[in-house]
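First the structure, in the form of structure tokens, and then the observations on it.
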Number of protein chains: 4
Amino acid sequence: MQGGGAQGLPEKGWVVAEIFITPLGTGSPTIRDSIRDLYRLVRQSGLTHELTAMGTLVEGPIDEVFSLTRRLHDACFEAGSGTSRVVTSLRVDERRGEALTLAGKVQGAGDQG
Amino acid sequence: MQGGGAQGLPEKGWVVAEIFITPLGTGSPTIRDSIRDLYRLVRQSGLTHELTAMGTLVEGPIDEVFSLTRRLHDACFEAGSGTSRVVTSLRVDERRGEALTLAGKVQGAGDQG
Amino acid sequence: MQGGGAQGLPEKGWVVAEIFITPLGTGSPTIRDSIRDLYRLVRQSGLTHELTAMGTLVEGPIDEVFSLTRRLHDACFEAGSGTSRVVTSLRVDERRGEALTLAGKVQGAGDQG
Amino acid sequence: MQGGGAQGLPEKGWVVAEIFITPLGTGSPTIRDSIRDLYRLVRQSGLTHELTAMGTLVEGPIDEVFSLTRRLHDACFEAGSGTSRVVTSLRVDERRGEALTLAGKVQGAGDQG
């Protein structure tokens, strides 16, 4: 988790990730209330993050990303009006040597002259 | 594909989706070149879209979203320096009666007072 | 879609894919009824398929895989006790030159001496 | 993590999950060698598991599933001929009250008379 590199980011263990959490059987097609409750946990994590229409993007040490995902999954059972089934998806992207960042990944792709 | 509703969007077939495409065996950990080539197809589709660090978000008629995904998958074999294997993921979210939009979904989740 | 190769499969457009479909707001954590209704469409597609605990695997021409996914997504709104929101995920894996198959992919990975 | 229920499974924290790990920039479209190396870790985990053509399914305590995913992600950088970029996906499905199992989920869906 330590390291260097041009950006001052660690050489390993620094990831960009997407988390999305789906409560099932809530009786409502709107999961907005659940998402609001969960978003509080995202902010409290201190990780760089961005909400999109299809999930939450985070950037930081892989252990913290896994730990946040785990807390969101548990919290979703109590979030909104509660549910008894939750499907949680996590996708983690790590490049060693030159760490990825939320800002850098989008810029790279958009840079198209 | 026609319809009504508060937003003037169709009552069925209007989706928000995430597409991400991964070329394998390219010999480089950077897939930036591929992504630039593919992004041209996204813009040409005319769909409302947004690039994120973990994929491309699009909004529009489901048939056009599937068709764009199919074109991106094929194009990825020739994009960048070329590859012989491509993994394409598509996640589509549709709500009937009150269509989802890219702008509306984020606002809903972020609205947390 | 025609071609050759050791297995007699086409050189392009032959894919292995995973489809999973999630109805939201059904009021029940069990989506078994929906899945049964949808599975009929999978069998009728004529594609080689396999049900797993986390989705449906199919193998065949990419156009047929996309078309089946589209039909499953639509059918899910009416399946089980009905719902107004459906999230559908599709992940397609294609290798050109030497097509992937459901049977070959597992055997390859499991072959570990 | 302890509990009861008809199946003797814990009432919370017991999950069915899918893990798939993609090394990028390996120079070869075949990721079979990486998968073999990783599969050893899956077996050593002691979790109930099943290899499919599109990923590895596991069943067990959520903490062990997250921990295995984390080890697989790290190991993938050294697996096969090595790589500097890895994308890892994890999808976890948990039902409280009546835990899901790999065997039960497939049987439920396939049970269609």
Side-chain angles (χ1 to χ4, degrees), chain A residues 14-22 28-44 47-60 65 72 79-80 87 89-113, chain B residues 14-22 28-44 47-60 65 72 79-80 87 89-113:
Chain A
W14 191 264
V15 302
V16 167
E18 181 184 59
I19 307 169
F20 58 93
I21 307 222
T22 311
S28 159
T30 304
I31 56 177
R32 198 167 287 181
D33 293 341
S34 299
I35 291 174
R36 281 183 208 174
D37 290 349
L38 298 181
Y39 186 50
R40 193 169 303 121
L41 293 175
V42 174
R43 283 183 298 158
Q44 290 170 351
L47 295 171
T48 301
H49 62 273
E50 181 186 329
L51 274 190
T52 79
M54 295 298 283
T56 298
L57 307 183
V58 294
E59 173 196 330
V65 169
L72 290 170
V87 177
S89 293
L90 169 66
R91 184 161 47 103
V92 168
D93 188 354
E94 177 179 357
R95 187 160 75 184
R96 297 207 170 156
E98 182 192 336
L100 300 167
T101 62
L102 278 176
K105 284 191 73 183
V106 177
Q107 183 178 29
D111 244 353
Q112 58 213 315
Chain B
W14 192 264
V15 302
V16 167
E18 181 184 58
I19 307 169
F20 58 93
I21 307 221
T22 312
S28 159
T30 304
I31 56 177
R32 199 168 287 182
D33 293 340
S34 299
I35 291 174
R36 282 182 206 174
D37 290 348
L38 299 181
Y39 185 50
R40 194 168 304 121
L41 293 175
V42 175
R43 283 181 299 156
Q44 290 170 350
L47 295 170
T48 301
H49 61 272
E50 181 186 327
L51 274 190
T52 79
M54 294 297 282
T56 298
L57 307 183
V58 293
E59 172 195 331
V65 169
L72 291 170
V87 177
S89 293
L90 169 66
R91 182 160 48 104
V92 168
D93 188 354
E94 177 179 357
R95 187 160 74 184
R96 298 208 169 154
E98 182 193 337
L100 300 167
T101 62
L102 279 175
K105 284 190 72 182
V106 177
Q107 184 180 28
D111 245 351
Q112 58 213 316

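Naming: A, B, ... by sequence-line order, numbering from 1 per chain.
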> Side chain, backbone, both or neither: which part of B:Arg91 has a non-hydrogen atom closer than 4.5 Å to chain A?
Replying inline: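 Contact with chain A involves both backbone and side-chain atoms of B:Arg91.
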> What is the distance from atom OG1 of A:Thr52 to atom CE of B:Met54, rounded to the nearest 0.5 Å?
Replying inline: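 The CE atom of B:Met54 is 10.5 Å from OG1 of A:Thr52, to the nearest 0.5 Å.
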> Any idea which of A:Glu50, A:Glu59, A:Glu18 has the most non-hydrogen atom pairs under 4.5 angstrom with chain B?
Replying inline: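 Ranked by contacts with chain B, first place is A:Glu18.
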> If you look at every heavy atom in B:Val106 and A:Leu51, which pair is closest and at what distance?
Replying inline: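 Looking at all heavy atoms of both residues, the closest pair is CG1-O, 3.9 Å.
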> Quick one: what part of A:Leu102 sits under 4.5 Å from any heavy atom of chain B, side chain, backbone, both or neither?
Replying inline: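 Both backbone and side chain.
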